[in-house]
Amino acid sequence: QALVSLEGYDPALRVYLQEQRWPTIMEALLTGLAAMTPQDPWGFVSEKLKYLIEEHPSDLHWYMFVDSSMQPKGNVLKKGWMADLMGGEDMPTEEMFERAFTFRKKKMCRWCLDAWVVFHGMEGKEREEYQRKTEVAFHHHTSSMKNKVFTKWHISLSACVCGVCVCVHVPVY
């Protein structure tokens, strides 16, 4: 990313800087500094600016401040760094924004759908587990109630005084 951006400034300022060829001059100075790595960088910049003031070269290039023996095969600066600074050519178009928005919207819908499926899938599994546990609890409750009833009935039969055990004794709860 650019260290400074003129994106929010008056477009006339951008036009002015481009007419004065400052983006190219800055690129040439930074490339010279990066390729040459002078001991005195401020002296290097001062010397190159004096050259520009005195000579007024009409042909400016990104490599103009690098000795021919040290010239890199390609620009050492990130491609488009000046456009980032100036907020110009690399700015997204309306179509790019629309495509990015559509892509993001589809991706968000997919995420939501996937999350919904997982949520309801988990809910179904949890529901099945709940039903299984409920059935186990129901059988346990039923068998323990039967056990209590039969135990009380058995106790009441064994406490029968008639000895014949023909009478029906109803347990009191």
Side-chain angles (χ1 to χ4, degrees), residues 1-49 51-53 56-143:
Q1 279 191 329
L3 298 173
V4 178
S5 176
L6 299 177
E7 193 173 323
Y9 290 88
D10 185 9
L13 174 61
R14 218 174 304 150
V15 170
Y16 169 78
L17 291 173
Q18 287 174 341
E19 285 175 355
Q20 300 302 317
R21 303 187 303 187
W22 272 106
T24 308
I25 292 169
M26 294 302 296
E27 187 174 17
L29 286 170
L30 288 172
T31 302
L33 284 170
M36 303 290 291
T37 58
Q39 291 290 336
D40 180 17
W42 295 110
F44 177 84
V45 170
S46 175
E47 177 186 319
K48 299 308 174 186
L49 288 175
Y51 166 77
L52 289 173
I53 292 169
H56 297 291
S58 60
D59 201 19
L60 296 176
H61 297 286
W62 62 268
Y63 54 84
M64 68 184 291
F65 297 137
V66 180
D67 289 344
S68 58
S69 64
M70 299 183 74
Q71 275 190 2
K73 293 184 177 165
N75 194 339
V76 294
L77 299 176
K78 177 187 143 214
K79 184 177 181 180
W81 76 275
M82 190 52 70
D84 289 343
L85 172 68
M86 298 302 286
E89 303 155 10
D90 288 346
M91 294 297 292
T93 63
E94 268 188 56
E95 181 185 333
M96 292 171 146
F97 277 123
E98 192 169 327
R99 287 180 62 204
F101 176 75
T102 303
F103 175 78
R104 180 73 175 161
K105 184 179 173 184
K106 285 181 181 177
K107 190 153 184 102
M108 290 298 292
C109 286
R110 185 76 230 169
W111 284 343
C112 290
L113 179 63
D114 290 347
W116 183 81
V117 167
V118 167
F119 174 75
H120 286 287
M122 289 169 111
E123 187 177 332
K125 290 176 186 174
E126 289 173 2
R127 190 179 315 123
E128 289 173 7
E129 183 67 17
Y130 177 76
Q131 287 174 345
R132 188 188 66 76
K133 287 181 179 180
T134 304
E135 287 175 14
V136 168
F138 178 75
H139 289 301
H140 176 72
H141 176 72
T142 305
S143 65

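Everything quoted here is computed from the prediction, not taken from an experiment. Numbers here simply count residues along the sequence, with the first being 1.
Counting non-hydrogen atoms of other residues, nucleotides and ligands closer than 6.0 Å to CD of Q20 gives a total above 12.
The residues R132 and E129 are annotated as salt-bridged, a charged nitrogen and a carboxylate oxygen being separated by less than 4.0 angstrom.
Residues L17 and P23 approach most closely at O-CD, 3.3 Å, considering heavy atoms.
Two residues are said to be in side-chain contact when any heavy atoms from C-beta on lie closer than 4.5 Å; E47 and F65 fail this criterion.
To the nearest 0.5 Å, atom OH of residue Y16 and atom CD of residue E19 are 9.0 Å apart. In this structure, the separation between CE on M64 and CD1 on I25 is 8.0 Å, given to the nearest 0.5 Å.
In terms of modelled atom types and a separation under 3.5 Å, the side chain of T31 and the main chain of A28 share no donor-acceptor contact. With hydrogens and angles disregarded, a donor-acceptor distance shorter than 3.5 Å links the side chain of S143 to the backbone of H139.
Listed by chain and number, the residues in a side chain to side chain contact (heavy atoms under 4.5 Å, CB included) with W111 are R104, K107, M108 (sequence neighbours excluded). In terms of the side chain to side chain contact (heavy atoms under 4.5 Å, CB included) criterion, residue partners of T102 (sequence neighbours excluded) are, by chain and number, E98, K106.
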Take F44 and K48, measure what side-chain contact (heavy atoms from CB on, under 4.5 Å) needs, and give me the verdict at the end.
CA-CA 6 Å; F44 177 84; K48 299 308 174 186; 3.5 Å; yes
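Evaluated for a side-chain contact (heavy atoms from CB on, under 4.5 Å) with L29, the options L49, L52, T24 yield exactly one hit, L49.
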